Amino acid sequence: MRQELHPLAEAIASSPVLGGATGEPGIEPGLRQPKCRVLASYTTPQGLPVARYYDDAVPAPTVVILAAGEGTRMRSSLPKVLHPLCGRPLIAWPLAAARQAGAGKVVVVDGPQRRLAEHLPVDVVVAIQSQPRGTGDAVAAAAGELRAGETVVVVMGDVPLVDAATLTALVAAHEAAGADATMLTAELDDPSGYGRVVRDFAGLLERVVETKAEGDASPEQLAIREVNTGIYAFEGGALLAALASLDTDNAQGELYLPDVLPRMRESGGTIGAHIASDANVTLGINDRVDLAAVREIAQRRIHEDHMRAGVTIVDPASTTIDVQVQIGADTVVEPACFLLGATSVGERCTIGALTTVIDSQIGDEVTILRSHLDRARLGDRALVGPFAYLRPDAVLHERAKAGTFVEIKNSTIGAGTKVPHLSYIGDADVGEETNIGAGNITANYDGRTKHRTTIGARVHTSVDTAFVAPVTVGDDAFTGAGSVITEDVPPGALGIARERQRNVEGYAERVSRRER
Ligand code: UD1
Ligand code: CA
């Protein structure tokens, strides 16, 4: 079976720069022929454009992610794989790795309550395991989606650090060996909690002994440090046949997926182990102690990716950055910041110490000091804080300022407009180059509905102005200090709405006379 190489693959193979692309992480090792199914993410070490090529005649591998277990060790009402890790549910991690590695169909095995589907992209197939009878039974629940002749990758839903390069390398090793099954294994200093890999006298993979319940593993086997990572590549037909022959003759009375390996060997198939180059990528999460340990590693990776891309993170140990956050080059993130959710930060910004930014979009050269932002949008060179609170749909255009003890929600603040001190702006539209005096308040809520305040361009509002919405202040207008603005102020006018001052002459004299 001789396959034509894609022209791009030819180019990479013959490129002196790429040196025929042999074995670097993320690159399919070698381009030997015949070349069959390849699960590949092609990012070159030189940062050349990503190129994907697999043979059109054979489908990309199907990836099955197991997530129907009860996750009892989490002691949680939330399914284990929905617990968040750096801003994304556990299940989304192996899914992202599979996608990045060029997976074809992705099947997630869920329990009968079907709690995962709404958290998964629509093109993921959900298979239902009616009862948690073990990992072998879970794969069998996806049998209808698997075909003989294709490579099937199985990943546990609770192994979030697995990456595309690891999956690519596993599939490449599996296909090069023409094996029925290739198990990804790792050598751990502390193998507790994992199935141990038993090898025969010749060093060949024999089987896996489980350790979750007492009775499967002997003390000698417990001393083995090579573990099953729960990640496998299978030939589809051999997998389907072996699944049918599993039994529950073990300490947990479950159908164990790793038991398909000796079955395949007995029926004359080749099985193999591929040792992971980075043992961390295989860390599984069984309880919340594991979750915290894995979070530390995941967070370090996120930090390092940003730092290598030109972001200064002054104190990584105190800084939380979720996996989806984007940050431009030359931005400085000071200590004890939290950049969370779908946040993006532009270039050359300063995110001052003790700032939290959630699901917000921030332009270039923005400065934020000790503030809390939730679903806000900031234009280039905006200034925020210290001690500002920007709530959902607070929009600051370029060069706008939300200063000290200022709260803004569902409002647009025009370019160059300043709200420097002690103000609440809610449900308002403020034009360009306006200055809002200290202590201004929009009274946007009448007890039943919210109303909008409209303030024009180049307006100067004086201190302690209250705007009783709905109300409009025209361009170039002014307000007087302490005014309660209940009626529209025309463009260019001064709106003043306060009691006239009355002075009582000789008052002190009168008081002291009374006291005598
Ligand atoms: C499993 C492996 C073990 C390996 C470890 C790696 C088996 C029997 N053991 O053990 O060799 O070292 O992973 O992390 O496979 N699940 C289902 N349905 C079930 C049972 C489990 O979908 O009936 C799912 C779970 O949701 C979970 C995954 O399979 O995502 C692994 O299950 P878990 O019980 O955590 O297996 P381990 O004991 O960790
Ligand atoms: Ca597990």
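Note that the structure is predicted; figures quoted are calculated from it, not measured. First listed ligand is number 1; within each ligand, the first listed atom is number 1.
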For Arg114 and Val126: C-alpha separation, side-chain torsions, deciding distance, then whether side-chain contact (heavy atoms from CB on, under 4.5 Å) applies.
CA-CA 9 Å; Arg114 298 158 199 266; Val126 178; 5.9 Å; no
Mode of Val208 contact toward ligand 1 - side chain, backbone, both, neither (heavy atoms, under 4.0 Å):
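Side chain only; the backbone of Val208 stays clear of ligand 1.
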Mark up the atoms of ligand 1 that fall under 4.0 Å of a heavy atom belonging to [X], in ascending order.
X	result
Thr229	6 (C), 14 (O)
Ala138	17 (C), 18 (N), 22 (O)
Gly134	18 (N), 19 (C), 20 (C), 23 (O)
Gly157	30 (O)
Pro258	7 (C), 8 (C), 15 (O)
Pro132	23 (O)

Flag for [Y]-[X]: side-chain donor and acceptor within less than 3.5 Å:
X	Y	result
Glu145	Thr62	no
Tyr256	Asp216	yes
Gln129	Asp137	yes
His83	Ser76	yes

When you compare ligand 1 with [X], is there at least one nitrogen or oxygen pair between them that comes in under 3.5 angstrom?
X	answer
Gly195	yes
Gly69	yes
Gln131	no
Leu66	yes

Does Val357 reach the side chain of Leu340, with side-chain heavy atoms less than 4.5 Å apart?
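Not touching, per the 4.5 Å side-chain cut-off.
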Are any non-hydrogen protein atoms located under 4.0 Å from atom 1 (C) of ligand 1?
no
Can you tell me if [X] contacts ligand 1 (heavy atom of the residue under 4.0 Å from the ligand)?
X	answer
Lys80	yes
Asn286	yes
Val227	no

Please state which protein non-hydrogen atom is closest to [atom] and give its distance, to 0.1 Å?
atom	result
atom 22 (O) of ligand 1	Ala68 N, 2.7 Å
atom 12 (O) of ligand 1	Asn228 O, 2.6 Å
atom 7 (C) of ligand 1	Thr135 OG1, 3.3 Å
atom 35 (O) of ligand 1	Asp158 OD2, 3.2 Å

Are there any protein N/O/S atoms under 3.0 Å from the Ca ion (ligand 2), and if so, which?
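Listed by chain and number: Asp158 OD2, Asn286 OD1.
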Can you name the nearest heavy-atom pair linking [X] to [Y], along with the distance?
X	Y	value
Thr343	Asp359	OG1-N, 2.9 Å
Val384	Ser371	CG1-OG, 3.8 Å
His303	Ile321	CD2-CD1, 3.8 Å

Hey, mind stepping through Thr355 and His372 against side-chain contact (heavy atoms from CB on, under 4.5 Å) and telling me if it holds?
CA-CA 6 Å; Thr355 290; His372 188 101; over 6 Å; no
Regarding [X] and [Y], does a basic nitrogen lie under 4.0 Å from an acidic carboxylate oxygen?
X	Y	result
Asp380	Arg348	no
Arg300	Asp305	no
Arg199	Glu206	no
Lys80	Asp158	yes
Arg99	Asp123	yes

Heavy-atom proximity to atom 10 (O) of ligand 1, best of Gln129, Glu210, Lys212:
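Residue with the shortest heavy-atom distance to the ligand atom: Glu210.
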Please state which option from Met156, Arg133, Arg73, Arg196 has its nearest heavy atom closest to atom 33 (P) of ligand 1.
Arg73
Please, which pairs that meet salt bridge (charged side-chain N to carboxylate O under 4.0 Å, His left out) have at least one residue in residues 178-194, sequence neighbours excluded?
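Matches after skipping sequence neighbours: Asp189-Arg225.
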